[in-house]
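Following: one structure in structure tokens, then a few remarks.
So you know, we letter chains A, B, ... as the sequences are listed, proteins then strands, and number each from 1. Values below: every heavy atom of this structure, side chains too, minus hydrogens, waters and symmetry copies.
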Amino acid sequence: MRTRFAPSPSGHLHVGGARTALFCWAYAKAHGGSFILRIEDTDQKRSSDTATRALLDDLAWLGIRWDEGPAHDGCGPGEHGPYFASQRLDLYHRYIDILLEQGKAYRAFEGPEQLEAARAAARAQKRVYRYDRAALKLDRATIQRYLDEDRPHVVRFKAPDEQPVNVHDEVYGEVTVRPEEIDDFVILKGDGYPTYHFAVVVDDELMGVTHVIRGQEHLYNTAKHVLLQDALGFRRPVYAHLSLIFNPDGSKMSKRDKDKALRNAVRERGLERSPAMPHSSNEAVMSEEHWRSWLSNKDHPLELESAERLALALDIDLPEIDVKDFRRAGYLPEVMVNYLALLGWSPGGDIEKFDQQFLIEHFDLDRVLKSPARFDRDKLLAFNLDALQAMSTEQFIARLRQHGERYHPEYGRELSDEQFAMFAAANHQRSKTLDDPFRSGRFFIMSDDQIVYEQSKAVHKALETGEPNGYAHLEAVMPLLKELSEWMVETLERLLKRYADERADGKLAKVAQPLRIAVTGTTVSPAIFETLAILGRDAVLNRIERCLSNRKLSSST
RNA sequence: GACCCCAUCGUCUAGUCAGGUCCAGGACAUCAGGUUUUCAUCCUGAAAACAGGGGUUCGAAUCCCCUUGGGGUCACCA
């Protein structure tokens, strides 16, 4: 039993691809088989090494480990390599030649523009476009002459035009494709690379793939693959197609969504040229040339890096669709796996929280749903919160440290190990993601004079109302804090609670809020005792003093 | 447009294949209370669906047909 995941390395792994990979992996593991990763880089224009590495990293992060495939992080390689389509060109050509010799395929010399024109004409006449087989009518001498002239050409498969193709799909059941719906599709491109259809059929055969599990967008292509298998005398693997994953608005979730969001923003604002980088000189996000070529061609999305810079400059949030986005946003890989598995599959009953082990014990194709599922960010977030809370504090500290090292290294520089551990622990029960503490805790790593006091109702209320008001409380606790013998959570708690009992009718909030504002600038932070303990006595006293002098400043103006 | 696929609370789904135990269960979101030093948590409770119409049957969320709605595919992309 062998399954494979065959992505094209055109960017980061997106959630749809991740789910496909997960199901392929789970199915193989559930049935004691092997899971193969094969990089289908047959599109030279869209593939890149960086993208491949990113893809491998994403998969590894999710804990989806392949038995065979590119060597990476302890996974792969295997006996059936190479696992990059681009390194298997001679293999494809061998089979192309066989088809050519047997008259099951033929060379065609039309250029892309010519074909596009023919398609447009068909569309205008509301006809269904099919390749007209003009090249098939070329006589031998002409073909030879074209070949001698080195004319660019493709190889097309001669699709039978009598028999319908029947395919059994494990999820969708019997699928019949009528012969007139399959024209003589291209199997070898002008650049000498095979198309996906051809590569996949050859590779699946040579790698002994027995079960093909992939996205529903391939359901119809299966007929082409079956035809190719028959022509080549190959086995026919078991097929299972997975329903699509939708955005919350019901549209198909696609890796193009980020590009779409950017194009929309640019159009809405009527931007003629590239905006400047934020907080920098007048340096533009993109060169004028780059900008124009991007806008002029919808089929060429911006590379991730430029896309992210542009999003920053436009101050818009790019939709999270790549595994990488969720990683950076602080979701746990095991939560992603759990949630992804629930999209289009369910173990039945009321079970919905489970780990990879459970998945490989229970996953099967007969519980895969046909209907598409929307990706529900809220539910994912809730799962993430639950998983975070279920961890021991030690685990949480370790995970947070890992995340911080990768995405917020400044915390590691500014906080001692001990401080970081306290910072993590203080945030444990109130964080929904591993990123939350870093985003809300900037004041922990700011120098005292960088604290900016927020101008808001809540701040005003805590500081300036009541009798005595917040400032007065600050002035009163300051000497107590100064004299506190040991600066730690327990002693701070005892001190402040006693203070509240004696001076604020037992209402801790009367002191806690002014203190919180004084040390953070805002009304939100982890529990006040922890916050003060992490900051340390010097910083706390400095900040209180600064807050008090700030009052004098604002009252005199 | 042609061909095909899908259809249970707002969302993910259980139940559908082997019709009765389902005036439909769980989770997320929502709403109302409560706990709390802020935020977030946490606790309790509520509201919320078988798309519509026809059959078949003693009986249908479950089987059949039609309508409606949603989606996919029609590349020298995968």
Side-chain angles (χ1 to χ4, degrees), chain A residues 6-10 17 40-43 45-47 85 108 110-112 115-116 119 123 126-130 152-156 172-173 175-178 180-183 185-197 199-200 214-221 241 243-244 246 248 250-252 299 339 342-353 366 369-383 385-386 389 427-432 436 440 458 462 493 496-497 500 507-513 515-517 520 522-529 531:
Chain A
S8 76
S10 56
E40 216 68 60
D41 53 352
T42 52
D43 185 346
K45 288 189 287 290
R46 290 187 196 167
S47 304
E110 295 86 352
L115 293 171
E116 186 40 52
R119 258 193 295 272
R123 224 176 301 130
K126 301 197 168 185
R127 260 186 315 114
V128 178
Y129 171 79
R130 286 197 78 201
H153 64 276
V154 302
V155 174
R156 285 181 181 270
Y172 285 90
V175 179
T176 303
V177 182
R178 294 175 307 142
E180 55 267 35
E181 288 176 58
I182 307 172
D183 73 351
F185 55 96
V186 173
I187 54 179
L188 188 73
K189 299 188 271 189
D191 62 2
Y193 276 61
T195 57
Y196 165 82
H197 304 302
V200 123
R214 76 225 307 190
Q216 196 229 37
E217 64 267 26
H218 288 300
L219 186 57
Y220 265 67
N221 292 331
H241 289 86
S243 63
L244 275 356
F246 287 169
S251 62
K252 181 188 172 186
D299 291 331
Y339 183 72
L342 247 20
L343 251 28
W345 179 80
S346 106
D350 290 340
I351 303 167
E352 61 170 9
K353 295 276 182 68
D366 57 7
L369 272 339
K370 295 180 193 178
S371 45
R374 292 184 199 210
F375 194 92
D376 184 354
R377 217 63 56 87
D378 288 331
K379 186 151 177 166
L380 209 215
L381 195 61
F383 271 37
L385 168 83
D386 290 346
Q389 292 196 338
N427 277 295
H428 186 186
Q429 295 300 319
R430 60 195 286 279
S431 299
K432 294 189 176 187
D436 286 349
S440 63
E493 179 166 358
L496 289 174
K497 281 193 168 154
K507 289 181 183 142
L508 186 59
K510 293 279 179 210
V511 227
Q513 278 305 77
L515 271 171
R516 198 181 318 270
I517 293 162
T520 71
T522 78
T523 55
V524 176
S525 87
I528 191 65
F529 317 119
T531 302

Inset, instruction - For D386(A), enumerate each residue passing the salt bridge (Lys or Arg N to Asp or Glu O under 4.0 Å) test, keeping only those at least two apart in sequence or located in another chain. - result: K353(A)
Inset, instruction - List in chain and number order the residues that pass side-chain hydrogen bond (donor to acceptor under 3.5 Å, both in side chains) with D191(A), two or more places apart in sequence or in another chain; answer none if no residue qualifies. - result: Q44(A)
Hey, what are the protein-to-nucleotides 17-25 of chain B N/O distances that come in under 3.5 Å?
none

Inset, instruction - For L369(A), report the nucleic acid contact type (base, sugar-phosphate, nothing); a contact means any heavy atom under 4.0 Å. - result: sugar-phosphate
Legend entry - For E180(A), all residues meeting side-chain hydrogen bond (donor to acceptor under 3.5 Å, both in side chains), sequence neighbours excluded: R178(A)
Inset, instruction - Report the residues that fulfil side-chain hydrogen bond (donor to acceptor under 3.5 Å, both in side chains) with R430(A), sequence neighbours left out, ordered by chain and then residue number. - result: N427(A)
Legend entry - Partner nucleotide of rA61(B) by Watson-Crick or wobble geometry (both distances under 3.5 Å): none
What nitrogen or oxygen pairs link the protein and nucleotides 29-31 of chain B at under 3.5 Å?
none

Inset, instruction - Sequence neighbours left out, what passes salt bridge (Lys or Arg N to Asp or Glu O under 4.0 Å) with K379(A)? Give chain and number order. - result: E352(A)
Inset, instruction - Under the salt bridge (Lys or Arg N to Asp or Glu O under 4.0 Å) rule, collect the residues that match up with E493(A), sequence neighbours excluded. - result: K497(A)
Legend entry - Residues which pass salt bridge (Lys or Arg N to Asp or Glu O under 4.0 Å) with D41(A), listed by chain and number, not counting sequence neighbours: none
Inset, instruction - Sequence neighbours left out, what passes ring-ring contact (aromatic ring centres under 6.0 Å, His included) with F375(A)? Give chain and number order. - result: F326(A), Y339(A)
Legend entry - Nucleic acid footprint by protein, nucleotides 70-78 of chain B - heavy-atom cut-off 4.0 Å, B for base, S for sugar-phosphate alone: -SSS-SBBB
Nucleotide N/O of nucleotides 45-48 of chain B paired with protein N/O under 3.5 Å:
none

